[in-house]
Amino acid sequence: MAQSHDPSSTLPAFDAASNRLIIDLGALADNWRKMDRLSGKARAAAVLKANAYGIGIEPAAETLYAAGARDFFVANAEEGVALRPLVPDGRIYILAGMWPGNEQLFFDNGLVPIVNSQEQLAFFMSVLSERGDHPCVLHVDTGMNRLGLTASEALALANDPARPASFSPILVMSHLACADDPEHPLNRRQLESFRAVTAAFEGIESSLANSAGVHLGTDFHFDLTRPGIAVYGGEAVNGLANPMKPVVTAQARIIQIRSVRSGETASYGASAQFSRDSRVAIVAIGYADGYHRSVSGAGVTLRQARPSGAFGFLNGHRVPHLGRVTMDLSLFDVTDLPENAVRPGDYVELFGNNVAVDDVARAGGTIGYEMLTSLGHRYERAYIEAGR
């Protein structure tokens, strides 16, 4: 029998919650330190976008700052404003860049815009002509075909004699498209394209590697790495055992235990069908809480290609999800647990120390990123402090 680990056992009780998150800030700090070590001579940034991948920007920022992080990436200027008082001397990079109307946020809060396009470049240049110096990052697309100037545009900019002296990026960056597949040929093509650009911006720091890119080796590290999902405990590389510590444990309360006879059905569309007498735990969790409907597996129409849905964990046992995830409720098969081992009011672990978030995500045809960043507002949160 598997050994159950319940991180909430070390915390003050919060039994009133229908569902709850236990967030291990010590694991978060350890994961960042591990990625910083794996980055070799490069320093590791901390990525705090999407409310720090769903765990809360304030506790995450304070923890990572205390662990040694001084470079921080967020999605937009509003996130940067919220982050600034938490990392007083940290450098905050804004991935969406600067747009007309929000430039004062950058100046007032010391935010660094990432220039992603010719339009943003032109606007930033116009701002510099009025204001003078302000740091920026030049984003170059090397094969992702998402954000960034093309490599040829970046090279033309580097060699443009008319480029104003006030435009002096502090960082040149790009983003890897296939680093989670170490053998993908695009990784090497992007590396070579990025090297050509960074050579043209001699003396300026550069950044290419995300979480998976850190694992590609020192060629990809440059000056600054940008680990994201790995710091939060998720898988970064396909087919590689996850070396990171779980950070988030999600639990939901059992409301009722039902007895169901062989031949009966349960859930919408009679999607759970029983070939034996069974006991079913009705659990207070659903897609309104970020527990995606797709993790139902074959309980959802058109998902028969993946007949196995998610599992939870309860008292040393994996318990399969049954039927369809609904807005507020999910069903789990607890037939194989002794009757006295489960009762209403108990909590099922949805993912965490005993069920990897990426395993749940795979059952729903998605990735751990989406599970974490979808965590709903109805979870009560408890934090295990770093060093505890």
Side-chain angles (χ1 to χ4, degrees), residues 2 4 17-23 50 53-55 180 229 232-236 238 242 246-258 260 265-274 278-315 317-337 342 346-379:
S4 175
S18 293
N19 38 45
R20 60 196 193 181
L21 297 176
I22 301 100
I23 297 163
Y53 284 58
I55 75 171
D180 56 351
I229 189 63
Y232 297 90
E235 293 180 8
N238 298 336
N242 187 1
V247 172
V248 181
T249 296
Q251 299 175 332
R253 185 192 290 277
I254 297 173
I255 300 175
Q256 183 182 11
I257 308 293
R258 297 190 67 90
V260 181
T265 62
S267 193
Y268 283 122
S271 49
Q273 302 178 10
F274 296 89
S278 302
R279 288 180 299 125
V280 178
I282 317 301
V283 179
I285 194 73
Y287 53 76
D289 307 293
Y291 193 67
H292 299 302
R293 188 171 182 267
S294 59
V295 306
S296 311
V300 173
T301 306
L302 303 181
R303 297 246 346 125
Q304 280 74 16
R306 182 182 287 274
S308 177
F311 284 80
F313 194 86
L314 178 65
N315 293 334
H317 292 262
R318 284 163 61 92
V319 290
H321 184 273
L322 297 169
R324 298 179 186 172
V325 174
T326 63
M327 184 179 292
D328 312 297
L329 297 170
S330 294
L331 280 59
F332 289 85
D333 188 347
V334 296
T335 309
D336 293 330
L337 275 71
V342 55
D346 287 348
Y347 286 88
V348 173
E349 179 186 308
L350 306 170
F351 55 81
N353 284 277
N354 302 290
V355 179
V357 64
D358 293 281
D359 288 343
V360 178
R362 271 188 288 272
T366 186
I367 54 177
Y369 298 75
E370 186 176 17
M371 296 296 298
L372 292 176
T373 58
S374 299
L375 296 171
H377 66 280
R378 295 192 296 189
Y379 291 93

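The figures that follow rest on heavy atoms only: side chains count, while hydrogens, waters and symmetry mates do not. FYI, the numbering just counts along the sequence from 1.
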Could you give the distance from OH (Y347) to CG (N315), rounded to the nearest 0.5 Å?
14.0 Å

For F332, ring-ring contact (aromatic ring centres under 6.0 Å, His included) partners two or more places apart:
H321

Closest non-hydrogen atom pair, A252 against A284
CB-O, 3.9 Å

Considering non-hydrogen atoms only, spot the tightest contact between A50 and T373 and give its length.
CB-CG2, 3.9 Å

Ignoring hydrogens and geometry, is there a side-chain-to-backbone donor-acceptor pair from E349 to V355 under 3.5 Å?
yes

Do D289 and L375 make a side-chain contact, defined as non-hydrogen atoms from C-beta onward lying under 4.5 Å apart?
no

Indicate yes or no for a side-chain donor-acceptor contact from S330 to the backbone of V325 under 3.5 Å, with no hydrogens or angles considered.
no

Nearest heavy-atom pair of A270 and Q273: which atoms, and what distance?
O-CG, 3.6 Å

Please determine if R324 forms a cation-pi arrangement with Y268, meaning its NZ or CZ atom is less than 6.0 Å from the six-membered ring centre and no more than 45° off the ring axis.
no

For the residue pair L21 and V248, establish whether any side-chain heavy-atom pair is separated by less than 4.5 Å.
yes

Return yes if some donor-acceptor pair links the side-chain N/O of D328 with the main-chain N/O of A288 below 3.5 Å, else return no.
no

Contact check, side chains of D333 and V319, non-hydrogen atoms, under 4.5 Å
no

Please find the pair of heavy atoms, one from A310 and one from A363, that lie closest to each other, and give the distance.
N-CB, 3.6 Å

Minimum heavy-atom separation for D346 and V342, please, with both atom names.
OD2-CA, 3.5 Å

Applying ring-ring contact (aromatic ring centres under 6.0 Å, His included), can you list everything that pairs with Y232, at least two apart in sequence or on another chain?
Y53

Would you say that I229 contacts I367 through its side chain, given a criterion of any heavy-atom pair below 4.5 Å between the two side chains?
no

Rounded distance (nearest 0.5 Å) linking atom OH of Y379 with atom CG of L350:
6.0 Å

Search all heavy atoms of S294 against all heavy atoms of G364 and return the closest pair with its distance.
OG-O, 3.0 Å

In the structure I gave you, are the side-chain heavy atoms of I23 and V247 within less than 4.5 Å of one another anywhere?
yes

Evaluate the side-chain proximity of L322 to F274: yes if any heavy-atom separation is below 4.5 Å, no if none is.
yes

Counting distance only, does the side-chain N/O of T335 pair as donor-acceptor with the main-chain N or O of R279 below 3.5 Å?
yes

Taking the side chain as everything from C-beta on, heavy atoms only, tell me whether L314 gets closer than 4.5 Å to H317.
no

Can you tell me if N354 uses its side chain to pair, donor with acceptor, with the backbone of F313 under 3.5 Å?
no

More than 12 heavy atoms from other groups under 6.0 Å of CZ on R378:
yes

Enter the distance from I282:CD1 to L331:CG here, rounded to the nearest 0.5 Å.
4.0 Å

Sub-4.5 Å side-chain heavy-atom contact between V348 and I285
no

